[in-house]
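Take a look at the structure set out below.
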Amino acid sequence: MGGEKHGARLPQHISSPLFLNLFFCLLISSIASSKGESHSSTSEEKFLPRDSYLLDCGAVQPTKLDDGRTFKSDTQAKSHLESDQYKAVSMASLPNNITNTTTTPLYLTALVFNSDALFSFEIYHPGRHWIRLYFYPIPQQDIDLSKAKFTVKTDDIVLLHDFSVPNPPQFLVKEYLININTTGQFLLKFVSKDKLAFINAIELVNAPDALISDSATTVSPSRSELKGLSNYALEVVSRFNIGGDIIVPKNDTLGRTWLPFSGDKLSPTGEDVSVDQKIINYKNGSSSQLVAPASVYATAAKMANADTTNANFNLTFSLSIPQDYSYLIRMHFCDIVSKSMDDLYFSIFVNQVKSEPNLDLSTLTGALRVPYYKDFVLNATNITNGNLLVQLGKVVGDSSGVANAILNGLEVMKMSNIANSLDGLFDVNEVNHGASQGDYTMKIIAGVGLGMAAMGMLLLGTVFVRWHKRPDDWEKRNSFSSWLLPLHASHSSFLSSKSSSRIGSHKSKSGYSGFFSSSLGFGRVFAFAELQEATHNFDEKACIGVGGFGKVYLGELEDGKQLAIKRANASSEQGINEFQTEIQMLSKLRHRHLVSLIGYCDEQSEMILVYEYMSNGPLRDHLYGSNLPHLSWKQRLEICIGAARGLHYLHTGAAQGIIHRDVKTTNILLDENLVAKVADFGLSKAAPSLEQTHVSTAVKGSFGYLDPEYFRRQQLTEKSDVYSFGVVLFEALCARPAINPALPREQVNLAEWALQWHRKGLLEKVIDPQLAGTINAGSLKKFVEAAEKCLADYGVDRPSMGDVLWNLEYALQLQEASSQIEPPEDKSTIPLEHPDDKDSNPAPLVAVDDETGVSVSYADIAAVQGR
């Protein structure tokens with residue numbers, strides 16, 4: 001056998017001279033042909049998948065589509081099916097209201113399951129795989145498939161949860177790209193609580209390894225790189241051939257369908273263009289025919305009649321996408337409009353965030369008509385009302401050349417969430433990773449009816465534990481405790497005797513009174529009618545704010561007490577989650593620097609939260625964007641200190657710390673005395689326990705304040721709040737928004753911009769002009785040091801909120817001292833470092849607590865905070 005292996009003889013007819021001559025002629029011809037094809041820019045690039053399962057479920061015989069693919073018949077499909085309770089159904093022809101498509105034959109048959117069903121496939125090639133699931137509820141006399149509700153999942157990914165087909169019925173295909181990391185058996189499960197599920201056809205095919213990169217450019221933080229895309233499952237939401245017609249699977253090497261753009265083209269200057277696809281040259285570009293066919297790059301939308309006086313956004317596309325997910329957005333470009341090189345360069349904005357300041361196709365591709373694509377990741381926090389906005393236009397500040405921009409193709413893919421799901425917050429084990437909608441009221445009822453005594457003991461125990469975890473000398477100093485109000489502070493002062501008796505006798509829909517609710521820490525239960533009266537039936541004139549939860553109204557009770565009344569928007573999906581989180585968090589917390597929750601109302605399907613009214617509104621309004629009087633440097637320091645105290649209490653004062661997750665200047669409110677209070681706990685999370693280092697959760701927060709490490713790793717810690725607070729500190733110093741897309745690129749992000757000038761030693765160039773000449777040099781240095789440390793790239797390098805608070809109080813002490821004593825001529829001699837630093841030995845510094853009048857040395861503060 002060894003001789004046959006190394007020197008096997010050819011059969012006689014193959015080894016004959018005539019055959020060998022013919023063979024070599026064909027070989028030379030083939031080589032010449034292949035060389036000629038290499039110069040053909042549009043020669044079709046073939047992909048032969050190793051894993052390829054095409055099943056026409058319920059079909060009697062194999063089904064061949066016009067794209068050349070053949071789907072296995074029912075008999076062959078059953079070889080992958082592990083279920084005994086199913087039946088095949090079919091229909092002879094299409095209903096009159098259904099449009100014929102290239103995949104229509106796949107919808108004429110189906111398999112129907114009345115128990116859980118499992119499809120098993122052998123995987124030979126690890127990596128990304130397409131999964132396409134085809135659904136159409138074939139009419140039956142005995143069962144109505146349109147009422148089927150079921151879940152489709154793999155071993156670790158939820159593709160569909162409690163899914164049912166749209167009404168009226170239509171042909172539906174759900175398309176996914178998931179990463180199967182190992183060879184062996186891959187399982188696809190159909191599960192239904194009602195024991196009814198169905199499927200018309202299944203595709204499972206491995207994709208080219210290079211189709212989806214492991215990294216992409218993030219929209220927020222702008223132009224950062226997100227690595228680890230292979231860890232996410234993807235669902236194709238939209239795939240558009242911009243400026244062209246539909247591309248059917250037979251014209252795409254990977255069997256994809258590209259639709260004409262069906263969203264809204266908002267640009268009045270948009271114009272569709274096309275060229276012969278034979279001139280598309282894949283040779284030098286980043287793209288290939290496996291990424292997108294030439295027919296995609298041969299059509300485009302461009303700016304029409306563009307000139308240098310046009311607005312920045314000249315080519316705009318808008319479409320609706322499911323909210324509460326992050327998205328991978330792939331844009332395809334090919335310069336089919338320019339006459340010469342260097343004519344086409346433009347900016348890209350995604351949801352009004354500059355994602356690419358200057359896309360220069362000439363430099364990137366080196367030639368005209370060369371395909372190129374760019375991937376962006378859009379975080380869920382940058383999606384409002386389920387809208388995706390893609391805008392392309394001339395580079396801001398450029399006045400040379402003819403302004404133009406193009407887009408040839410657009411793909412939008414949903415990314416799996418914290419539950420590793422592409423459809424909701426339930427994981428494969430039916431564990432809910434988010435607030436359950438619709439059951440919160442029942443939880444309150446159950447908690448009141450069954451656990452009143454236990455809950456009261458638990459909350460009292462919480463107070464006891466919190467108190468005894470503090471340092472021994474804390475009570476003696478009496479500074480921290482003076483900020484802490486009783487956990488169940490009575491709200492009777494808010495009511496006149498008349499209104500108290502009326503409300504006290506009121507029973508809410510949940511069946512308990514405001515008195516019992518207050519005793520549990522939830523605050524008063526307000527009658528809806530009372531809140532209507534307090535806001536003049538929610539008059540728009542009483543509206544003082546609008547957020548993702550809903551509108552906030554100024555209300556006034558009969559005794560003249562003013563309240564802030566936050567009413568959930570009925571269409572807000574986040575409303576129920578915020579409503580629940582806000583009550584859960586604030587019912588546990590009472591602190592001088594946290595906005596107090598007074599009560600709530602959940603009558604008549606309403607979700608309303610009632611807070612103390614903060615008459616001076618958000619900090620941001622006092623910094624910029626309004627006509628309010630400017631704050632002095634001392635006032636800004638005191639406000640930042642108050643907010644830091646509130647956050648420090650959140651992180652350390654409760655039995656289990658709390659991470660705010662949305663720290664920003666609009667969530668720091670000021671009362672009539674400009675005392676700062678942290679507000680809006682709708683996104684808050686319990687901090688990790690001692691055994692944990694972080695909380696793994698979907699990224700939420702506000703753009704411009706978002707911790708980049710949290711964004712990259714989806715791991716939340718208290719240091720994420722510290723980062724956001726660092727942005728707040730620079731906002732207070734510079735009096736401008738955290739993000740301003742209208743500014744030049746280098747100035748858009750306040751934190752980056754301020755740090756750049758600070759490192760150059762020229763921070764005075766970005767400080768609020770209103771503060772010019774009023775800030776003590778030492779105070780400023782200490783303040784900026786704190787802000788800079790807060791903005792460290794990695795959480796481990798950031799200080800705790802206790803350390804930040806210490807530095808801010810130190811900065812205030814230096815500012816106050818400079819106003820009382822004439823500063824020395826050489827300001828550099830003012831002690832700027834921490835009193836414990838070995839290289840400095842300043843005179844003892846003493847702080848006076850504003851609320852108590854108690855004098856406390858900074859050495860004592862440092863000792864208490866463990867420094």
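Side chains included, hydrogens not; waters and symmetry mates left out as well; all remaining heavy atoms used. Note that the coordinates shown come from a computational prediction; the quantities given were computed from them, not determined experimentally.
- Within the model, atoms CG of Leu389 and CZ of Phe349 stand 11.0 Å from one another, a figure rounded to the nearest 0.5 Å.
- Residues Met303 and Phe346 are not in side-chain contact: their nearest non-hydrogen atoms beyond the backbone lie 4.5 Å or more apart.
- A donor-acceptor pair is defined here as one N or O able to donate and one able to accept, closer than 3.5 Å; no such pair exists between the side chain of His593 and the backbone of Ala643.
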- Is there a side-chain contact (heavy atoms from CB on, under 4.5 Å) between Leu364 and Leu359 once you walk through the steps? CA-CA 8 Å; Leu364 292 168; Leu359 187 74; 3.6 Å; yes

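- Across Lys664 and Ser702, no two heavy atoms sit closer than the pair NZ-OG, 2.8 Å.
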Side-chain donor-acceptor contacts of residues 789-800 below 3.5 Å, not counting sequence neighbours, with atom names and distances?
| unit_1 | atom_1 | unit_2 | atom_2 | d |
| --- | --- | --- | --- | --- |
| Arg798 | NE | Ala792 | O | 2.8 |
| Arg798 | NH1 | Asp707 | OD1 | 3.2 |
| Arg798 | NH1 | Asp707 | OD2 | 3.0 |
| Arg798 | NH1 | Lys719 | O | 2.9 |
| Arg798 | NH2 | Asp707 | OD1 | 2.6 |
| Arg798 | NH2 | Ala792 | O | 3.1 |
| Arg798 | NH2 | Asp793 | O | 3.2 |
| Ser800 | OG | Gly802 | N | 3.4 |
| Ser800 | OG | Asp803 | N | 3.2 |
| Ser800 | OG | Asp803 | OD2 | 3.3 |

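- Judged purely by atom type and a 3.5 angstrom limit, Ser626 has no side-chain atom pairing as donor or acceptor with the backbone of His622.
- Within the 3.5 Å criterion, the main-chain N or O of Glu225 finds no donor-acceptor partner in the side chain of Ser215.
- Separation of atoms OH (Tyr325) and CD1 (Ile383) is listed at 11.0 Å; rounding is to 0.5 Å.
- Atom NE2 in His648 sits 13.5 Å away from atom CG in Asp721 (nearest 0.5 Å).
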- Task: Decide side-chain contact (heavy atoms from CB on, under 4.5 Å) for Leu619 and Glu731; before the verdict, give the C-alpha distance in whole Å, the side-chain angles of both, and the deciding distance to 0.1 Å.
- Result: CA-CA 10 Å; Leu619 169 59; Glu731 241 181 303; over 6 Å; no

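- Side chains of Thr652 and Glu718 form no contact here, defined as non-hydrogen atoms less than 4.5 Å apart.
- Side-chain contact between Tyr327 and Ile321 is present, with heavy atoms from C-beta onward closer than 4.5 Å.
- Within the 4.5 Å cutoff, no side-chain heavy atoms of Phe376 are placed close to those of Val353.
- The shortest non-hydrogen separation linking Ala405 to Leu315 is O-CD2, 3.6 Å.
- The minimum heavy-atom distance linking Pro357 with Ser347 is given by the pair O-OG, 2.5 Å.
- Asp360 approaches Tyr345 most closely through the heavy-atom pair CA-CB, 3.9 Å.
- Relative ring orientation between Tyr373 and His332 is described as tilted, the plane-to-plane angle lying within the 30° to 60° band.
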- Please walk me through it: do Thr665 and Tyr624 pass side-chain contact (heavy atoms from CB on, under 4.5 Å)? CA-CA 11 Å; Thr665 50; Tyr624 53 86; 4.2 Å; yes

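- In this structure, the side chains of Asp375 and Leu328 come closer than 4.5 Å at one or more pairs of heavy atoms.
- To the nearest 0.5 Å, atom CG of residue Leu805 and atom CG of residue Asn807 are 9.0 Å apart.
- Side-chain contact between Val748 and Trp753: absent, with no pair of heavy atoms (C-beta onward) separated by less than 4.5 Å.
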- Steps toward side-chain contact (heavy atoms from CB on, under 4.5 Å) verdict (Leu378, Val412): CA-CA 10 Å; Leu378 177 65; Val412 181; over 6 Å; no

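- Side chain of Gln815 to backbone of Thr774: a donor-acceptor contact under 3.5 angstrom is found.
- For Asp671 against Met614, the heavy-atom pair with the smallest separation is N-CE, 3.4 Å.
- Nearest approach of Ala216 to Val377, heavy atoms of both residues: CB-CG2, 3.7 Å.
- A distance of 10.5 Å separates CE of Met415 from CD1 of Ile329, quoted to the nearest 0.5 Å.
- A donor-acceptor distance shorter than 3.5 angstrom exists from the side chain of Gln635 to the backbone of Ser632, with no hydrogens or angles considered.
- Side-chain atoms of Val219 and Asn351, non-hydrogen and from C-beta on, never get closer than 4.5 Å to each other.
- No side-chain heavy atom of Thr217 sits under 4.5 Å from any side-chain heavy atom of Glu356.
- Side chain to side chain, Asn776 and Ser779 fail the donor-acceptor criterion of an N or O pair below 3.5 Å.
- Atoms CG and CG, from Leu594 and Leu650 in turn, are 5.0 Å apart once rounded to the nearest 0.5 Å.
- Remark: Arg620 engages no residue in a salt bridge (Lys or Arg N to Asp or Glu O under 4.0 Å) (not counting sequence neighbours).
- For Asn404 (side chain) and Leu344 (main-chain N/O), no donor-acceptor pair under 3.5 Å exists by modelled atom type.
- Remark: side-chain polar atoms of Thr666 are not paired, donor with acceptor, to backbone N or O of Pro618 under 3.5 angstrom.
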- Message: Working note: Arg661 + Tyr710, criterion side-chain hydrogen bond (donor to acceptor under 3.5 Å, both in side chains); need CA distance, chi angles, decisive distance, verdict.
- Response: CA-CA 10 Å; Arg661 206 160 56 143; Tyr710 171 34; 3.0 Å; yes

Just list the side-chain donor-acceptor pairs under 3.5 Å for residues 761-772, sequence neighbours left out, or say none.
| unit_1 | atom_1 | unit_2 | atom_2 | d |
| --- | --- | --- | --- | --- |
| Asp768 | OD1 | Gln770 | N | 3.1 |
| Asp768 | OD2 | Arg636 | NH1 | 3.1 |
| Asp768 | OD2 | Arg636 | NH2 | 2.8 |

